[in-house]
Amino acid sequence: MSTLPKKRLLKALNKEQLDRPPFWLMRQAGRYLPEYRATRANAGSFLDLCYNPALAEEVTLQPLRRYDFDAAILFADILLIPDALGQPLAYKEGEGPVLDPIRSAKELTSLSMDKLHDRLNPVYETVNRLSSSLPSHVTLIGFAGAPWTVASYMIEGKGSKDYAEIKKWAYSDPEGFQKLMDILVQSTIEYLLKQVEAGAETVQIFDTWAGVLPDDMFRKWVIAPTRQIVDGLRAVHPDLPIIGFPKGIAGNLLEFVKGTGVTAVSLDTSTPLEWAVENIQPHVVVQGNLDPIMVVAGGQAMVDRVHEILETLSNGPHIFNLGHGIIPQTPPENVALLAETIHAWKK
Ligand code: CP3
């Protein structure tokens, strides 16, 4: 017999009517918090922090001690999968992630799924710890990157402005590129299943660079692999709520929702609210979409926009969030005002 979910985020994912939407923020643990910077400095490298269950648990909990979020997101990174597949990864101060790029199907022999779970085991341990340390009203969110976005870092070797290397490979050698996508789909399914087994109650799939493809390629390299992941997870957990975040895909959003089977979709900042009410909310739960820079600005402008988002999306299922991750320059007191504004709002 199944029991009804009691947590606000799970209720929203179940499309139940609520007096106010649940809220959490993408990248809610991170450099805008002095306590994060202190733990990070003690951990050694960013990867040491991700692979240390006690410290990863600690930084996941830090924002919840300050703000009454309805969810905690596992502290890890989308690039732990390439790392665990054997592609050396480093995070350089001020530069972001740097990898030894893979540029052709021949080079795929350097990747192996054999040690995937050995390497990722500390992440499952972090989830396990959080599932007992979180307050009972807080939902635990697991996550992974979508294959397209993870592949972009594996092939470009770092963040990119034009995605020329990944596109060149995907357009000129689709069969070879598919082999890399297959490895990522399979690894991601296994990785997320282990997170769920360890206690994650929902998972979010981050596809930050979904918006750089023309629509035929978008179907092939964004929708299809995401659908495979959704199906792979649901084959084991038919009721698992899954949140997609295909950033920057504008008019392709409805096709994404229908094509992937996600439970909820996270809207980026540029998605028009009224359009989402008419076209997306009838099909799935929507999450979003305050501009992260509004939280840097703070004050009445932020409060007004928060009210506008809350009112506009309040007649259908909604999870309040940002349109992209919170940025390091964000004053923590502005996040406090944001939390207060949402908690004080009533439908
Ligand atoms: O609080 C949380 O949301 C959980 C942890 C989390 C991190 N990264 C921690 C992190 C999550 C969910 C991510 C997702 C992620 N990682 C994405 C998708 C979401 C997005 O923001 O677009 C992407 C593209 C990455 C890859 C990545 N990791 C980049 C490009 C960078 C460098 C840029 C940056 O923001 O620093 C990282 C590093 C990273 N991941 C940090 C954190 C807290 C900063 C590292 C540090 O402390 O030095």
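Every number for a ligand or one of its atoms is a count from 1 in the order of the listing. A quick note: this is a predicted structure, and the numbers were derived from the prediction, not measured.
- Only the backbone of Ala76 comes within contact range of ligand 1, with a heavy atom under 4.0 Å; no side-chain atom does.
- Heavy-atom proximity to Arg40, at under 4.0 Å, picks out these atoms of ligand 1: 46 (C), 47 (O), 48 (O).
- Within the structure, ligand 1 lacks Arg37 among the residues with a heavy atom less than 4.0 angstrom away.
- Side-chain contact between Tyr36 and Phe75 is present, with heavy atoms from C-beta onward closer than 4.5 Å.
- Of the N or O atoms in Arg31, one or more lie within a sub-3.5 Å distance of an N or O in ligand 1.
- Of all atoms in ligand 1, numbered sequentially from 1 with element shown, those under 4.0 Å from a heavy atom of Ile73 are 1 (O), 2 (C), 3 (O), 4 (C), 12 (C).
- Note on ligand 1: Gly325 sits outside its first shell, no heavy atom being nearer than 4.0 Å.
- Ranking protein heavy atoms by distance to atom 45 (C) of ligand 1, first place goes to Phe46 CD1, 3.5 Å.
- Look at Arg8 and Asp19 and you find a salt bridge, because one of the NZ, NE, NH1 or NH2 atoms lies within 4.0 Å of a carboxylate O, short of that distance.
- A donor-acceptor contact closer than 3.5 angstrom is absent between the side chains of Asn42 and Thr39.
- Applying the 4.0 Å criterion to heavy atoms of Gly96 picks out, from ligand 1, the atoms 32 (C).
- Every atom of ligand 1 is numbered from 1 in the order shown, and the set under 4.0 Å from a heavy atom of Phe206 is 12 (C), 18 (C), 19 (C).
- For atom 12 (C) of ligand 1, the nearest non-hydrogen atom from the set Phe245, Trp24, Phe143, Tyr32 comes from Phe143.
- Distances from ligand 1 to the non-hydrogen atoms of Pro97 include at least one value under 4.0 Å.
- Among the atoms of Leu79, none of the N or O lies under 3.5 angstrom from an N or O of ligand 1.
- Protein heavy atom nearest atom 27 (C) of ligand 1, with residue, atom name and distance: Asp77 OD1, 3.6 Å.
- Residue-environment remark: NZ (Lys346) exceeds the threshold of 12 foreign heavy atoms within 6.0 Å.
- Under the 4.0 angstrom criterion for non-hydrogen atoms, Tyr153 is in contact with ligand 1.
- Checked for salt-bridge contact, Asp216 and Lys220 miss the test: no charged N lies under 4.0 Å from a carboxylate O.
- When non-hydrogen atoms are compared, ligand 1 lies under 4.0 Å from the backbone of Arg27 as well as from its side chain.
- With a 4.0 Å heavy-atom cut-off, ligand 1 is reached by the side chain of Tyr36 but not by its N, CA, C or O.
- No side-chain heavy atom of Val306 sits less than 4.5 Å from a side-chain heavy atom of Trp345.
- Neither side chain, Asn334 nor Tyr32, offers a donor N or O lying under 3.5 Å from an acceptor on the other.
- Using 4.0 Å as the threshold, Leu74 has a heavy atom nearer than that to some atom of ligand 1.
- The nearest protein atom to atom 1 (O) of ligand 1, hydrogens excluded, is given as Ala29 N, 3.0 Å; this is a heavy-atom distance.
- Counting heavy atoms of neighbouring residues, nucleotides and ligands inside a 6.0 Å radius, atom CD of Glu333 exceeds 12 of them.
- If you number the atoms of ligand 1 from 1 as listed, the ones under 4.0 Å from a heavy atom of Tyr91 come out as 28 (N), 37 (C), 38 (C).
- Under a 4.0 Å criterion applied to the non-hydrogen atoms of Thr208, ligand 1 contributes the atoms 18 (C), 19 (C), 20 (C), 22 (O), 24 (C).
- For atom 15 (C) of ligand 1, the nearest non-hydrogen atom from the set Ile78, Ile205, Ile141 comes from Ile78.
- Salt-bridge annotation for Lys11 and Asp70: absent, with no side-chain N of the basic residue lying under 4.0 Å from a carboxylate O of the acidic one.
- Between Arg65 and Glu35 there is no salt bridge, since no side-chain nitrogen of the basic residue lies less than 4.0 Å from a carboxylate oxygen of the acidic one.
- Side-chain contact of Glu107 with Ser104: a donor-acceptor pair under 3.5 Å is present, judged by distance alone.
- With a 4.0 Å cut-off on non-hydrogen atoms, His324 touches ligand 1 through its side chain and not its backbone.
- In the model, Trp148 has no side-chain atom that pairs as donor or acceptor with a side-chain atom of Tyr163 under 3.5 Å.
- Remark: Lys158 NZ is loosely packed, at most 12 non-hydrogen atoms of other residues, nucleotides or ligands lying under 6.0 Å away.
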